[in-house]
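Throughout, a chain's letter reflects where its sequence line sits, starting with A, and its residues are numbered from 1. Bear in mind that the values here come from a model prediction, so they are computed numbers and not experimental data.
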Amino acid sequence: MELVARRIEGLFKKAVQKTESGFNEWDKLVIQPASSEEFGDYQTNFALTSARFFKKAPKVFAQELISSVPENKVIEKLEVAGPGFINIFLKNEFVSGVVAGSVSEKWGFSHKNLSGVVVIDYSSPNIAKPMHVGHLRTTIIGDSIKRIMRYVGYEVIADNHLGDWGTQFGKLIVGYRMWLDKDSYEKDPVRELERIYIKFQEESEKDNVLEELARGELKKVQSGDEENLKLWKEFVTVSVAGIKKIYSRMDVDFDTWYGESFYHSLMPEVVEELLKKEIVKEDEGALVAYFDEEENLHPCIIRKKDGAYLYATSDLATVKFKNDTYKMNKAVYVTDDRQQAHFRQVFSIAKKAGWDMEFAHVVFGIMSFKGVTISTRGGNTIHLSNLLDEAEKRAYDVVNEKNPELPEDEKRNIAKVVGIGAVKYADLSQNRTSNIEFSWEKALNFDGNTAPYLQYSYARVQSVLRRAKEAGFLPDITKEITFETGIEKQIAVAIVRFPEVVEKAADYYKPNLIAEHLFDLAQKFSTFYNSCPILKCEEDMVISRMNLAYITAETIKLGLSLLGIGTVERM
RNA sequence: GCGUCCGUAGCUCAGCUGGAUAGAGCAACGGACUUCUAAUCCGUAGGUCAGAGGUUCGAAUCCUCUCGGACGUGCCA
């Protein structure tokens, strides 16, 4: 089914072609949601932005335009307002038909370039340390972008670029040999590794010989020392198991797990290719890429004078690998904004190397707690597992209070879906690149603009539908939805706009647009629910209202699923 | 020094790809449950969009400068 804004766009295109040939700046023709209900359902500023091209006064041009729009089943009324806005009012029957179609047909996004593969690199924790709330943003935002892009029709590969080859392994090997507590290692290896890691940090501040030892042990891992390699493998295995447990709780998964260790063997040929293409030069024994002045980037070291590779080399290897392995459309990286310069360098080098694809660095601000950036080393971590535990516990307490009669396992499930949904939504509903301060209160809030609010709206509809079923009614989308009140029409229009919001969210990598739209829809639904009875109104309105409620719920469910958040039948 | 990001209601944030009177949530205050789940709804109050210039028919949004904050900046990741 074609997006409504695109249908309107098509009509205006015809109108323009009727009045004037030779116009080709079609990207100026933007149909947007009306900024206020009084201005209709959609609006366009096209007459204002393009009046100059047509050498006409905006208002005059707008008037001509609306009288040239061909006969159609979509638009009820057009009016010119203010300096030359065109307000677009849709036909009720049309809106109602689109709303009904939205549950039976798939939205069409074939106008987009969907060919090729999109690889999204997100989460990518440094392993052998437990995941903490600092990992939340990349994990949740990346997972949502994956879901959104898949829904739109891209072939998406979710890649977890694990930090499984870094300096932490040298430190862990040293610490493991010195301070291991066997019992706690057996009980919870990841926690014990974390303890060792923190202890190493503390001790090495007093005694910098430790750092040197660690570098030595790391070197041994990388050169294939059997005993160290065995330890490394063990650390990787236990950490990945721990990480997967967390992902499973959060309903996050990946298609590939090409960690840094995977790319290690590819580094030499990457460097060789860059040398051959004269993108990097030797300087003081290191290999360095330089950039044009207008790129405004610092030189980037690709290989150290001791022959070791760096972060940039590793990321360049990922790009080359993607280019060689897949027919690429886009490569997307979801990280905090400290890495902006790094990725600008990587993308620039990759383009010069001819590794052809679109690049996107999706950035967000770093998370701090009590004013300090969260890090394992800083000792101010909040383990992700603790946050999820607490979220589930609080959600459980609420369900238990509101619906004590529900079966225990259902209450547990509700607590999980609602608690984790709240945590995810708190992050996904904001998309500022500014830094954020972690707050328990915010992450665990269940009131207002939160996931539980949306889930609650969904559950209420299910409750109505259950009662309707008992009374012998069922939603029937072949029956028309009529708008008796203004709020019913507003709900319908919000449903019509939903796929347009999804498309925008995919284009700009902004899940918060979906969150915002769902909240708006759910708020309108709550208003409707509280003021208009669904089952206790005149008989011919029952089916109409039930249909509207049903489709609203389905839209909320779909939207939440694009955010990686589930729904429950009761809560 | 240079660069990037940020500064919007008491708090947390939307809006930033220029459009009509700057929006939510939380907190505050007042109302609505014998009626489809009150994790809800309705209403009130709250703003020199950090500041100053500029571009434009039109600026929270684009440009310049100033102030304030965070981060990055040749051999860490």
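- Between A:E437 and A:K442, none of the side-chain N atoms (NZ, or NE/NH1/NH2) sits under 4.0 Å from a carboxylate O, so this pair counts as no salt bridge.
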If the sugar-phosphate is the primed atoms plus P, OP1 and OP2 and the base is the rest, what is the B/S/- string for nucleotides 69-77 of chain B, using protein heavy atoms under 4.0 Å? -SS-SBBSB

Letter per nucleotide, 5' to 3', of nucleotides 18-23 of chain B [B base touched, S only sugar-phosphate touched, - untouched; heavy atoms, 4.0 Å]: -BBB--

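- Set against B:U40, B:C36, B:C57, the side chain of A:Y529 has B:C36 as its closest nucleotide.
- For A:P533, whose side chain is taken as the heavy atoms from C-beta onward, the closest listed nucleotide among B:C36, B:C6, B:U40 is B:C36.
- The side chain of A:T433 lies closest to B:C6, out of B:C6, B:C13, B:U37.
- Summarising the local packing, NZ of A:K305 is surrounded by 12 or fewer heavy atoms from other residues, nucleotides or ligands at distances under 6.0 Å.
- When both distances must be under 3.5 Å, the Watson-Crick or G-U wobble mate of B:U37 does not exist.
- Of all nucleotides listed (B:U37, B:C57, B:G3), B:U37 comes nearest to the side chain of A:M571.
- Stacking of A:K77 on the aromatic ring of A:F89 is recorded, both the 6.0 Å distance cut-off and the 45° axial limit being met.
- A:Y453 comes within 4.0 angstrom of the backbone, heavy atoms only, and of no base.
- For A:F519, counting side-chain heavy atoms from C-beta on, the closest listed nucleotide (B:G15, B:U37, B:G25) is B:G25.
- Legend: residues meeting ring-ring contact (aromatic ring centres under 6.0 Å, His included) with A:F343, ordered by chain and number and at least two apart, are A:Y333, A:F347, A:H361.
- Base contact: A:R570 has a heavy atom under 4.0 Å from a base atom.
- Judged purely by distance below 3.5 Å, without hydrogens or angles, the side chains of A:H132 and A:E194 never pair a donor atom with an acceptor atom.
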